[in-house]
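Here the structure is a predicted model, which means the values were calculated and not measured.
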Amino acid sequence: MNQKTYEQADLTTENAQCAQCGATADGTPPTWTCTIGNGTRQHLCDACTRLNLRTIESHLDPIATR
């Protein structure tokens with residue numbers, strides 16, 4: 001596999017831009033969603049996060065039970 005892991009991805013603190021709608025923000029707002037896709041950091045603004053919540057949750061790893 002040639003995909004970068006979270007630790008290998010470019011973790012800059014520049015202005016965030018929403019990967020879906022293109023909205024920009026100074027820095028990275030704590031309420032925006034951040035993910036690593038194909039080795040690059042991608043952000044979703046509050047509105048786009050709400051619109052895509054089911055898709056985001058479906059990609060989460062299941063919680064290990066003991």
Listing, residues 17-24 side-chain donor-acceptor contacts under 3.5 Å, not counting sequence neighbours, or none:
from	atom 1	to	atom 2	distance (Å)
Gln20	OE1	Asn52	ND2	2.5

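- Without hydrogens or angle criteria, Asn15 side chain to Gly27 main chain gives a donor-acceptor distance under 3.5 Å.
- Partners of Thr31 under the side-chain contact (heavy atoms from CB on, under 4.5 Å) rule, at least two apart in sequence or in another chain, are Pro29, Asp46.
- Expressed to the nearest 0.5 Å, how far CG of Leu44 lies from CZ of Arg50 amounts to 11.5 Å.
- Here the closest non-hydrogen pair linking Trp32 and Ala25 is CZ2-CB, 3.8 Å.
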